[in-house]
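The structure appears right after this line, and notes come after that.
Residue numbers begin at 1 in each chain, while the letters A, B, ... track the order of the sequences. The model shown is predicted, which means the values in this text are computed figures rather than measured ones.
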2 protein chains.
Amino acid sequence: MQKKSSATIYDVANRVGVSLATVSRVVNGNSNVRESTKRKVLDAIEELGYHPNAVARGLASKKTTTIGVVMPDVTDMYYSELARGIDDVANMYHYDVLLTNTDEDPVRETMAVNNLASKQVDGIIFMGNELDREVLNTIAAADAPVVLAGSLDSEGKLPSVNIDYVKAVEEATATVIKHGHQRVALVTGPMSHAINRMHRLVGYQSALDAAGLIFDEDLLFTAHQDYAAGLQIAEKIMQSEANAVIAYDDEVALGIMNYMQDHGKRVPEDFEIITSNDTKFAIVTRPDLTSIGQPKYDIGAVSMRMLTKLMNNEIIDDTQVKLPHTLERRGTTIN
Amino acid sequence: MQKKSSATIYDVANRVGVSLATVSRVVNGNSNVRESTKRKVLDAIEELGYHPNAVARGLASKKTTTIGVVMPDVTDMYYSELARGIDDVANMYHYDVLLTNTDEDPVRETMAVNNLASKQVDGIIFMGNELDREVLNTIAAADAPVVLAGSLDSEGKLPSVNIDYVKAVEEATATVIKHGHQRVALVTGPMSHAINRMHRLVGYQSALDAAGLIFDEDLLFTAHQDYAAGLQIAEKIMQSEANAVIAYDDEVALGIMNYMQDHGKRVPEDFEIITSNDTKFAIVTRPDLTSIGQPKYDIGAVSMRMLTKLMNNEIIDDTQVKLPHTLERRGTTIN
DNA sequence: AATAAAATTGCAAACGCTTACAAGCGTATC
DNA sequence: GATACGCTTGTAAGCGTTTGCAATTTTATT
């Protein structure tokens with residue numbers, strides 16, 4: 001049985017008859033300790049049920065072995081899969097993860113970063129579709145390294161891990177065009193967000209150009225990242241007489257698909273759909289969703305790995321990582 | 001612009017010409033400070049860009065305003081929705097959340113709890129289908145209050161928030177029986193877990209009894225909580241000639257549904273399905289899934305609220321909370 | 001056996017903040 | 001005008017570690 005209030009390093013030192021410093025050394029695996037005293041200390045630790053107090057340790061060492069993760073929403077499959085990758089490699093490197101949901105609200109994002117800074121996290125991983133200027137400033141002020149996971153700042157200054165959205169959307173668009181569905185709608189988040197304006201839209205237009213199609217602004221749609229939004233935007237998409245859609249979110253894509261089918265469209269014969277996140281949603285429906293394939297877990301994992309390097313002041317060759325993507329051809333596209 | 005290394009309480013005190021104690025008092029909203037000096041201190045804080053160091057604060061006050069959340073997997077919709085509820089009310093009470101994924105591995109659960117204890121969290125919320133004895137011991141040893149969210153220990157000793165699984169499964173089972181599908185399969189996790197053996201199974205049998213049906217062990221199935229497992233177990237379910245299934249996980253239910261439909265069964269006419277978690281998965285498919293309706297977000301929120309009381313040493317009337325559930329009738333059951 | 005070099009240990013000062021307890025001060029009371 | 005009381009503020013002792021430096025003990029060398 002453990003003692004009520006846990007033992008301190010002082011108790012262990014006393015028990016063995018050595019100084020605090022020595023106990024601290026064996027606890028931290030410092031090599032300069034004689035094997036025999038190490039043994040004794042370890043025994044005492046065992047007997048007293050001593051566990052180092054991480055808070056005290058953090059104060060003294062100025063390292064908390066804790067990182068902060070700022071994300072829009074844990075219940076969003078896309079982000080939660082990234083989070084899982086982050087958490088796994090964080091644990092691998094013995095970091096703990098402080099999680100904050102922001103719903104992409106810049107105010108909450110700012111608060112979150114400030115809060116994490118005052119908690120003295122050793123690093124931060126940030127996810128979100130857009131980096132508000134204020135958030136950017138806050139990040140700069142926090143003296144912890146930051147890496148963006150599945151997100152990017154318009155200036156491309158911050159370390160980040162993503163896929164090549166331009167190419168991915170370009171390929172997806174080209175695919176449906178090739179199938180003869182040339183009136184293709186694009187559903188993204190707000191164009192005020194760099195990722196939409198500077199990446200997805202660019203890829204989309206590029207595919208249009210390559211096919212000699214003219215860009216029609218009426219085929220551009222904006223929707224929140226949820227099923228209801230998909231259902232809702234679907235009506236307008238139908239009115240636009242599009243015969244294909246590239247959607248940036250799986251739930252949205254599902255909403256569109258169900259609406260189309262409920263309104264007499266055959267998917268994929270009359271209407272093709274390609275979604276972007278390839279979450280579990282994409283494979284459980286009938287038809288299942290053709291999707292851009294993103295290595296979500298890896299994006300998280302690589303971000304975290306990069307962060308460990310940053311926290312360690314190691315030099316990093318490439319801070320703007322683009323992981324390879326694929327196109328997972330399934331039931332919402334022909335063949 | 002902030003100074004490179006952030007200001008300390010000492011700097012603020014110096015600037016204003018008061019003692020540390022006074023600064024500490026205004027930072028902590030202590031009332032016994034003259035309004036005029038409070039003003040001055042606040043100004044100095046602003047000018048210096050001072051942010052309290054939470055680690056130092058934690059060491060001195062023995063409170064970290066951080067709680068730990070131990071969960072099987074963030075990418076599991078059921079748990080992530082609970083987590084969202086937890087996080088929201090945690091923020092409301094100004095707590096931060098330290099998140100750990102365990103994949104329900106008792107070893108990792110034990111490590112997680114120990115780790116959280118050494119990080120001096122003020123409280124812990126634990127999620128998982130079963131509480132290993134060792135985990136229970138570890139929880140007892142950690143001197144932080146713990147509440148179980150969407151989980152329960154076989155002895156019912158720990159504070160917890162759940163729905164009434166017995167009744168919920170009983171109702172679901174009764175529903176399909178009433179529809180004439182009397183050969184109903186039950187898919188759960190391992191019977192070694194209290195929640196399956198002592199709750200779901202009991203509710204299932206109770207409904208059978210009430211309908212005068214005899215219990216057939218061949219209708220009991222065990223599957224992991226994922227789509228592939230559902231697909232896999234579905235074959236056996238079909239062989240058992242069941243004409244309905246009560247599944248404990250939405251992804252599993254979806255796997256079963258798709259398998260059944262692919263093998264000529266009409267859902268719900270030939271085969272009814274009721275799932276248990278009512279996650280987003282349940283509504284995006286066609287047909288959509290009839291499900292036990294669980295107030296998942298609330299389970300998380302209420303757990304966290306209870307934890308704040310526990311951390312505050314407030315007395316709690318009922319530590320074994322059962323939130324109301326519903327039956328969401330959708331496309332996988334008749335009418 | 002003496003001395004240098006190496007390996008172990010101990011000392012004590014931080015780390016940045018909270019919090020009794022004590023002290024200072026102005027003012028109401030009689 | 002002395003006494004007491006209430007409000008503000010300061011003093012200083014922790015909180016449990018880490019860590020640079022010095023001291024001590026071992027071990028190696030000659």
Nearest-Å distance, [atom1] ([X]) to [atom2] ([N])?
{"X": "A/N14", "N": "D/dG16", "atom1": "CG", "atom2": "P", "answer": "14 Å"}
{"X": "A/N32", "N": "D/dT25", "atom1": "CG", "atom2": "P", "answer": "18 Å"}
{"X": "A/R34", "N": "C/dT9", "atom1": "CZ", "atom2": "C1'", "answer": "9 Å"}
{"X": "A/R39", "N": "C/dT8", "atom1": "CZ", "atom2": "P", "answer": "16 Å"}

Going by salt bridge (Lys or Arg N to Asp or Glu O under 4.0 Å), name the residues that satisfy it together with B/E81, two or more places apart in sequence or in a different chain. B/K296
Who are the salt bridge (Lys or Arg N to Asp or Glu O under 4.0 Å) partners of B/D43, not counting sequence neighbours? B/R39
Okay, side chain of A/D103, backbone of A/D105: is any donor-acceptor separation there less than 3.5 Å? no
If a protein heavy atom is under 4.0 Å from the base, mark B; if only from the sugar-phosphate, S; if neither, -; do that for nucleotides 16-23 of chain C going 5' to 3'. BBSBB---
Partners passing side chain to side chain contact (heavy atoms under 4.5 Å, CB included) against [X] (at least two apart in sequence or in another chain):
{"X": "A/Y93", "value": "A/V89, A/Y95, A/R305, A/T308"}
{"X": "A/K38", "value": "A/V26, A/V33, A/E35, A/L42"}
{"X": "B/S160", "value": "B/L148, B/N162, B/Q320"}
{"X": "A/K157", "value": "A/D153, A/E155"}

Residue pairs, two or more places apart or on separate chains, that pass salt bridge (Lys or Arg N to Asp or Glu O under 4.0 Å) and touch residues 88-100 of chain B: A/K119-B/D96, B/R84-B/D88
Relative orientation of the end axes in the helix from C/dA1-D/dT30 to C/dC30-D/dG1, expressed as an angle to the nearest 10° (five pairs per end):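 Answer rounded to 10°: the end axes differ by 40°.
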